[in-house]
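Everything on this sheet refers to the single structure shown next.
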Amino acid sequence: MTPRKPENNEDEASRPLGSSTTDERRKFLTHLSMGDESMQNIDQKKLLSEGNQESESGSDENSNFNQGDFIRHFIGTNGPPQIITMCLVIALALGSTIGVVPAVVEDRYARLSHGYIGKAHCLDIEKDERPSECLLGNEDAQNSAAIASFISNTLTFATSSLMGSISDERGRRGIMLLGIGLSLLAPLNLVLLQLIENMSPFPYYACHALSGLVSWMAVAISSLSDVMPPIWRAPSFGLILAGFSMGFALSPILAVFMSHLGVSIFALSILVAGFIFACFYLPETLSPDMSARARESRLAERPELVTWKYTLMRPGKELLILNRNKLFRLLSALAFFSGCISTADHTLFLYYAEENFGFNEKDIAILFLIIGLMGIFVQAVILKPLNSLIGERRVIVVAFLVGALHNVMYGVATTKRTIFVSATIASLTGMSFPTISAIKSNNVDELEQGRIQGALYSLSSLASAVGPMMLRYVYHKTKNGSGFGKGSMFIFGAGLYLIATVCAWMLPEDKANSNHRRNATKRNSSMNYGATYDMNV
């Protein structure tokens, strides 16, 4: 392909893909339907003619497509079903061991570091009757988990944008397999920890931290961007979260009927099976042509003499894409604020519920079932129609307002009923991440899909490291009764969500909403928004 120069001064890299011309749509479909298998379930003429159809009423894409078209295309395209399957497997494995890890590690620290010699496991003893050795073991376990999480998120922050950029050049599949392979190490050590009596928990936490080197999830989102049209990227990314939600909905039930060792072996087994499945059936979604063009683009950015200093600074350089323009800076602020609070909610909520509302294993299993089923419903059923009805910008605003509401409810709750209701509506907040990812994906060139998703995931990892620390600080300052007492940390989180809501409202609608850009393209079909490519070369 021979690139033509843009006929205007608009930055090609920041041009929304949703504003592509008919020639570009034809180019996208040529890439999308390699071998013609992936487009068997959708009328290609709809996509090709979309840029030429006038829409006097200004209606959205539901005039051409419905929910059924989207689902059929998603299932019929080579790549998305395999990615969703891996999300389900990993969530099922990780979710089933959520209650196992604290129980096993706390008891092991109590025995190895503090001299506990009792026959009963620490968590099997009533809270008020637990010996001091178990309490000290619990503190060691929380400290180790916090350190491992911090290191993992720091590694992800440092490497995710680089891995995304490399996936633009070398392909998605290899990096995803590497990330999935690293995720096997911690569950393997969890099984060994229960089989070897005097084994330290350190190898488990070290492997957990090491898994942050390669974030396969960011690359998976880029892989979906390779094969999904811009107008369907937000709901496509949402289906990834739906896969995770389904796994987490089912996983706590296993812990009720199986022993800790049985659950750990089950989790490791399905992860190994998932890895083998990925090795044989996970496709490469990046075409050789796009990969070659990305390598040429990156080579043009590099100095003639590549020094150790350039190599060392490259991860930071890849993050500069987040500062490209006002839109990206606002989206980065949204991702950071929402990431801080959502991660802190997930990290601290169970401790808060157990300490203040007496949640037991049955309550936790019911809670995760509700959260999982609601997550599936929101991502698979609500997100796509809502995105079509009000646009991406307002979807983010709604998600953040709900986030503020459910955090306030956590903070002022006095009964379990309030906690369950809050957790139910909290699933609506999950619409923000796939929508933010889609907006960024729609506003960069196809050659930068890995780079932008990697950079966004790096920022989310930083937020994941900082958020729990901020809320824990508020908790320690207010746990003795000042403010709203122990719930003050969630009130603080609600305030951050309101700040994020203001930032979301400031997003430029013409770049944030794919509907707006598509309708503008229909009204101005003769305009060229960036570089096009001659398909006859």
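By convention here, the first residue in the shown sequence is residue 1. Fair warning: this is a prediction, and the values are worked out from it, not measured in the lab. Scope of the values below: all heavy atoms of this structure, side chains included, with no hydrogens, waters or symmetry mates.
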Contacts of type side chain to side chain contact (heavy atoms under 4.5 Å, CB included), residue S297, not counting sequence neighbours = E301, L447

Do side-chain atoms of R295 reach the backbone of R170 as a donor and acceptor pair under 3.5 angstrom?
-> no

Matching residue for R172 among S167, S291, S223 - test: side-chain hydrogen bond (donor to acceptor under 3.5 Å, both in side chains) | S167

Side chains of E392 and L507: closer than 4.5 Å at any heavy-atom pair?
-> no

Counting only N and O atoms by type, is there a donor-acceptor contact under 3.5 Å from the side chain of Q453 to the main-chain atoms of S437?
-> yes

Student check: side-chain heavy atoms of S152 and S211 closer than 4.5 Å | yes

Which atom of P229 lies closest to which atom of H73, heavy atoms considered | CD-NE2, 3.7 Å

Shortest non-hydrogen contact from A404 toward A494 | O-CB, 3.4 Å

With R173, which residues qualify under salt bridge (charged side-chain N to carboxylate O under 4.0 Å, His left out), at least two apart?
-> none

From I382 CD1 over to L389 CG, what is the distance, rounded to the nearest 0.5 angstrom?
-> 12.5 Å

Just how far is it from atom CG of D226 to atom CG of L286, taken to the nearest 0.5 Å?
-> 5.0 Å

Is there a side-chain contact (heavy atoms from CB on, under 4.5 Å) between I371 and T424 once you walk through the steps?
-> CA-CA 6 Å; I371 293 174; T424 301; over 6 Å; no

Are any side-chain N or O atoms of S165 and backbone N or O atoms of L162, one a donor and one an acceptor, separated by less than 3.5 Å?
-> no

Answer yes if the side chains of T156 and S215 hold a donor-acceptor pair under 3.5 Å, and no otherwise.
-> no

Got L496 and M470 here, is their nearest side-chain heavy-atom distance under 4.5 Å?
-> yes

Do N387 side-chain atoms and V395 backbone N/O form a donor-acceptor pair below 3.5 Å?
-> no

Taking S338 for the side chain and L334 for the main chain, is one N or O donor matched with an acceptor at less than 3.5 Å?
-> yes

Rounded to the nearest 0.5 angstrom, the CD1-NE2 distance for I147 and H208 is 12.0 Å

What do the steps show when you test N325 against N443 for side-chain contact (heavy atoms from CB on, under 4.5 Å), and what is the final call?
-> CA-CA 11 Å; N325 52 42; N443 282 275; over 6 Å; no

Mind checking whether I396 and T501 have side chains closer than 4.5 Å, heavy atoms only?
-> no

Does any non-hydrogen side-chain atom of F490 lie less than 4.5 Å from one of V408?
-> no

Would you check if the side chain of T159 reaches a backbone N or O of V214 as a donor-acceptor pair within less than 3.5 Å?
-> no

Within-4.5 Å side-chain heavy-atom neighbours: F492 and S488 | no

Polar side-chain atom of T85 near backbone of P81 as donor-acceptor pair, under 3.5 Å = yes

Is E509 salt-bridged to R394, going by a charged N under 4.0 Å from an acidic O?
-> yes

Test L224 against every option in T77, T285, I240 by the side-chain contact (heavy atoms from CB on, under 4.5 Å) rule and name the one that passes.
-> I240

For I425 and V402, work out which heavy atoms get closest and say how close.
-> O-CG1, 3.2 Å

side-chain contact (heavy atoms from CB on, under 4.5 Å) assessment of L383 paired with F237 = CA-CA 10 Å; L383 179 56; F237 299 161; over 6 Å; no

Beyond-backbone contact of S342 with T429, side-chain heavy atoms, under 4.5 angstrom | no

Do the ring planes of F70 and F74 sit parallel (below 30°), tilted (30 to 60°) or perpendicular (above 60°)?
-> tilted

Separation between SG (C503) and CG (L331), nearest 0.5 Å, reads 10.0 Å

Determine yes or no for a side-chain-to-main-chain donor-acceptor pair under 3.5 angstrom, with R233 supplying the side chain and A438 the backbone.
-> no

Which heavy atom of S222 sits nearest a heavy atom of G450, and at what distance?
-> OG-CA, 3.2 Å

M217 side, atom CE; S461 side, atom OG - distance, nearest 0.5 Å | 11.5 Å

At their closest point, which heavy atom of A463 faces which heavy atom of G339, and how far apart are they?
-> CB-C, 3.7 Å

Backbone N/O of G430 and side chain of Q379: donor-acceptor pair under 3.5 Å | yes

Indicate yes or no: at least one non-hydrogen side-chain atom of I180 is less than 4.5 angstrom from one of S183.
-> yes

Non-neighbouring partners of L322 that pass side chain to side chain contact (heavy atoms under 4.5 Å, CB included), sequence neighbours left out | L319, S332, K440, I452, A455, L459

Rounded to the nearest 0.5 angstrom, the CD1-CG distance for I83 and L239 is 11.5 Å

Full working for side-chain contact (heavy atoms from CB on, under 4.5 Å) between W232 and K384 | CA-CA 8 Å; W232 285 345; K384 171 64 171 63; 3.6 Å; yes

All heavy atoms of L155 vs all of A209, minimum pair found to be CD1-O, 3.4 Å

